[in-house]
Amino acid sequence: MSAKKSVRVRASTRPSGVARHPRALARALTTLALAALACQPFRPADLSAIGEPRLLVESDERLRWPALPIAGPGSGAPATPASGEAALLIDLSDPGGELPPIAGGRGNIDAWLRYLSRVRGLPKANVFLLRGAEAKAPTIRAAIESAGQMTSRGGILWVVFVGYALTDLERGEGLLLTHGAAVDGLVPEVNALPVMELLREILDWGTGRPVVILDACGPPGVKLGPLRIGGVEARLVASGYESLNPFPNYPEGPAEPRRALRGAVASAGLGAPCLDQLPGGNRPALSYLVLGALQGWGDRGGGVIQGSEVLELVRDVSLDVVAREREALPLPLGFSRPTLALAVGASHRRPTLGALLGLPEPGSPLVFAGGGIVRRPRVAASWEGQTIDDPELAELLAASASASSGASASTDPLALGERWCARAEAQSGAAVDPQIDAECRRWRRYGRRWRAFHVIVDHDFDLLHRYLDRADQAEAEIALRDFLGAYVEYPAHPKVRAAKAGVDALARGDADWRARAKWGPMIEIAAARYFRGCADADPSCEDDERPSQLRGVGAYAIDVGEVARRDYEHCVLAGACRPFDWERCYAWTGEGFEQGAPLPDAFARDDAPAVCVTWRQAAAYCGWLGKRLPTELEWEVAARGGDRRIYPWGAEEPTCEHANFAECGRTPTAVDARPPRLDEAAPKNMAGNVAEWIHDWYGKSYSRSWPRDPRGPRYGRLRGVRGGSFYDPPEVLRTSYRYALTPGFGYAFVGLRCVADM
């Protein structure tokens with residue numbers, strides 16, 4: 001099954017579509033009596049499909065958004081005198097026609113009206129409010145003309161639009177929908193105000209600094225044509241020159257004056273990721289959060305609220321609270337002038353996630369959602385003391401007790417609940433046992449929460465690290481300990497282990513504690529030039545291990561051990577990885593490789609290596625943790641310790657005290673096990689136990705590799721595999737030995753480990 005020359009094997013023993021195994025296949029098969037793999041069969045239950053990630057709280061109704069604005073001192077006074085400010089508020093939250101009203105839109109505009117008049121002190125004559133039927137294109141243009149003329153050169157012209165928008169991709173412009181826009185599912189042009197035209201009017205009549213808030217997403221069920229989609233055009237608020245010059249596509253060229261927006265434009269987004277409603281808040285998100293930022297929620301220190309701070313708050317909340325689908329995160333766009341000063345003296349603190357959920361505040365500014373939501377059920381006390389004659393029921397109780405204690409981290413509680421419910425449904429008449437019915441309900445409910453829990457861990461972990469990027473060391477330690485306290489019952493989760501590594505690193509004064517808290521225990525490799533290829537003293541060199549050469553590599557870190565089965569199943573439950581496909585996994589039966597062949601019980605242990613994963617599944621797991629698969633050079637440098645050794649431990653021929661290979665057993669050992677002759681500072685099992693997928697496509701030679709951070713060919717048929725396994729002979733354990741496999745299949749002797757860029 002290797003990309004290299006191999007002994008001849010009968011066609012019936014080699015799986016079709018899979019590369020041949022290394023040339024040492026014959027020796028491996030004679031050394032191992034692997035027919036025992038067919039004994040004590042273990043075929044793990046496939047996890048059912050994971051649903052889309054849900055809102056990261058149990059109910060939208062639990063969120064408690066503060067009322068806006070908070071009038072009085074500290075509510076965000078103007079950064080410059082307000083005498084030269086003016087505002088246009090456009091409320092199309094009740095657009096009439098066929099479009100449904102936007103919940104909370106009127107309340108947002110009313111809050112802006114109070115803020116502008118009471119906090120910023122704008123005269124009543126300087127604030128224009130267009131609502132409902134008043135908000136037609138001609139009246140909007142006239143209001144912009146009047147408001148613009150009232151704005152001084154240093155003042156701000158506020159334009160806040162709450163309503164619906166579409167994007168005409170044929171003409172490349174965003175369209176704001178005015179009152180009565182939808183007729184028979186279409187929007188007449190007279191009811192679609194181009195955003196470019198709005199900005200042009202502002203430049204024609206305004207002398208100050210415009211701040212335009214376009215809180216508008218696409219309406220449901222309304223089309224302007226086959227190429228038109230919901231949301232405001234992203235190009236209007238992209239960074240760079242186009243955001244400052246709103247007329248990049250106009251054909252007039254030099255005849256069109258190059259007038260730049262000296263203010264800022266913010267949009268709720270484009271298409272599916274458009275930031276529409278706050279969950280549980282019943283109000284449009286962008287205009288609410290911008291107003292909250294002006295009152296102090298966005299202040300990162302210094303007392304002056306800048307455009308970049310406003311946008312950062314909006315993005316943080318959209319990721320922390322609003323995000324529902326990983327593929328379509330709501331990412332608001334803008335501001336064209338990040339340093340524009342918008343408000344001063346705003347002292348109100350941003351509400352924490354805990355405050356929004358109504359949870360008590362811990363010592364940290366962060367509140368993690370997962371701690372109070374999922375608790376393991378305990379086996380009912382009523383079972384104690386009973387004599388269980390039914391073997392199936394006794395096994396079910398034992399599995400439940402193991403899951404309750406956390407002894408089996410990879411047990412799927414949802415599958416366990418379905419087993420209890422199947423048992424309950426099999427009861428009839430007087431034989432109905434209420435205890436079994438109760439266990440069915442308890443474990444089914446817990447199973448659903450257990451699935452949601454894995455999404456919540458991801459959410460909290462991301463929240464933690466956005467906080468750690470800005471926190472000092474004392475604040476970071478509090479936040480990390482709070483995270484560990486929230487997940488104290490789940491110490492085996494890889495992200496919980498990473499947080500624990502961060503706490504330990506802080507305790508010993510490790511300067512890289514942030515990296516430890518993000519990626520967990522890893523071994524760092526310094527940037528340098530390293531030797532790769534077959535060592536001069538190695539008598540077993542093969543053609544594809546040459547030429548030997550020095551190549552540069554950037555700093556990186558590699559996992560201490562191989563990825564465990566329990567770790568991969570956590571990724572599956574989080575929805576970031578696909579379940580093991582046992583039917584496509586090749587295992588040795590004693591006579592040949594067979595898809596779906598049963599595996600011994602040793603493969604089912606939580607701490608056994610994750611095998612039977614395809615290359616794509618391996619890459620997805622590493623990506624879930626913010627890591628990636630290693631290149632061939634990175635793997636080889638880590639395996640040989642940066643020098644020219646033949647094996648990870650040196651030149652000494654392998655024994656079972658060095659590695660788990662063909663002469664030592666028939667199954668993989670735990671990923672945490674370290675052979676006694678292996679250096680404590682080295683990665684575990686770089687030779688033997690299970691082989692490991694690497695990033696690169698397989699190439700037959702090193703001759704044309706780049707001098708720094710080389711990669712394999714740009715495309716190919718086979719992906720590289722390194723390290724040898726429990727099934728391989730000694731020569732396959734050499735650090736320079738190369739072979740490759742078909743990436744679309746899983747193999748019972750191939751696992752993975754990840755690397756991270758430092």
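Treat the numbers as computed from the prediction; the structure is a model and nothing was measured.
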* side chain to side chain contact (heavy atoms under 4.5 Å, CB included) between L113 and V127: does it pass, once the steps are laid out? -> CA-CA 8 Å; L113 184 62; V127 180; 3.5 Å; yes
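- Not a single donor-acceptor pair under 3.5 Å links the side chain of H465 to the backbone N or O of R514.
- When all heavy atoms are compared, the tightest approach of A293 to L313 is CB-CD2, 3.5 Å.
- Rounding to the nearest 0.5 Å places CD1 of I213 at 7.0 Å from CH2 of W158.
- Between W112 and Y115, the ring-plane angle classifies as perpendicular under the 30° and 60° cut-offs.
- Between R481 and E477, the closest side-chain pair of non-hydrogen atoms falls below 4.5 Å.
- Side-chain contact between E201 and I140: absent, with no pair of heavy atoms (C-beta onward) separated by less than 4.5 Å.
- Taking a cutoff of 4.0 Å between a charged side-chain nitrogen and a carboxylate oxygen, D757 and R628 qualify as a salt bridge.
- Note that CG of L294 is 7.0 Å distant from CD1 of I305, once rounded to the nearest 0.5 Å.
- Using a 4.5 Å cut-off on side-chain heavy atoms (C-beta onward), D215 and V160 make no contact.
- Remark: the backbone N or O of N191 is paired with a side-chain donor or acceptor of T178 at under 3.5 angstrom.
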* Show your reasoning for whether side chain to side chain contact (heavy atoms under 4.5 Å, CB included) applies to E85 and N126. => CA-CA 7 Å; E85 291 192 358; N126 287 32; over 6 Å; no
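- Using a 4.5 Å cut-off on side-chain heavy atoms (C-beta onward), D482 and L464 make no contact.
- Residues I109 and S93 have side chains not in contact (no heavy-atom distance under 4.5 Å, counting atoms from C-beta outward).
- Inter-residue side-chain proximity for F161 and S267 is flagged as unmet; no heavy-atom pair is nearer than 4.5 Å.
- Looking at every heavy atom in both residues, W519 comes nearest to A498 through C-CB, 4.1 Å.
- Here CG of L99 is found 10.0 Å from NE2 of H179. Values are rounded to the nearest 0.5 Å.
- Using a 4.5 Å cut-off on side-chain heavy atoms (C-beta onward), L122 and S117 make no contact.
- Closest approach of A499 and L484 over heavy atoms only: CB-CD2, 3.8 Å.
- Taking all atoms of both residues into account, the shortest heavy-atom contact from K495 to V457 is CB-CG1, 4.3 Å.
- A side-chain donor-acceptor contact under 3.5 Å links E309 to the backbone of Q306.
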* Can you check side chain to side chain contact (heavy atoms under 4.5 Å, CB included) on Q473 and L506, steps first, answer last? -> CA-CA 8 Å; Q473 186 165 319; L506 280 170; 3.4 Å; yes
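- Using a 4.0 Å cut-off between a side-chain N of Lys or Arg and a carboxylate O of Asp or Glu, D110 and R131 qualify as a salt bridge.
- Between the CG atom of L92 and the CD atom of E134 there is a distance of 10.0 Å, given to the nearest 0.5 Å.
- Between the CG atom in D458 and the SG atom in C571 there is a gap of 8.0 Å [rounded to 0.5 Å].
- Closest approach of A143 to L88, counting heavy atoms only: CB-CD1, 3.7 Å.
- Of the charged side-chain nitrogens involved, none lies within less than 4.0 Å of a carboxylate oxygen, so that R141 and E145 do not count as a salt-bridged pair.
- Atom OH of Y621 sits about 6.5 Å away from atom NZ of K627, to the nearest 0.5 Å.
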* side chain to side chain contact (heavy atoms under 4.5 Å, CB included) assessment of L214 paired with L198 -> CA-CA 11 Å; L214 301 175; L198 175 71; 4.3 Å; yes
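- For the residue pair A268 and L286, the shortest heavy atom distance occurs at N-CD2, 3.6 Å.
- Side chain of N108 to main chain of R283: no donor-acceptor pair is present (N/O by atom type, distance under 3.5 Å, no hydrogens or angles).
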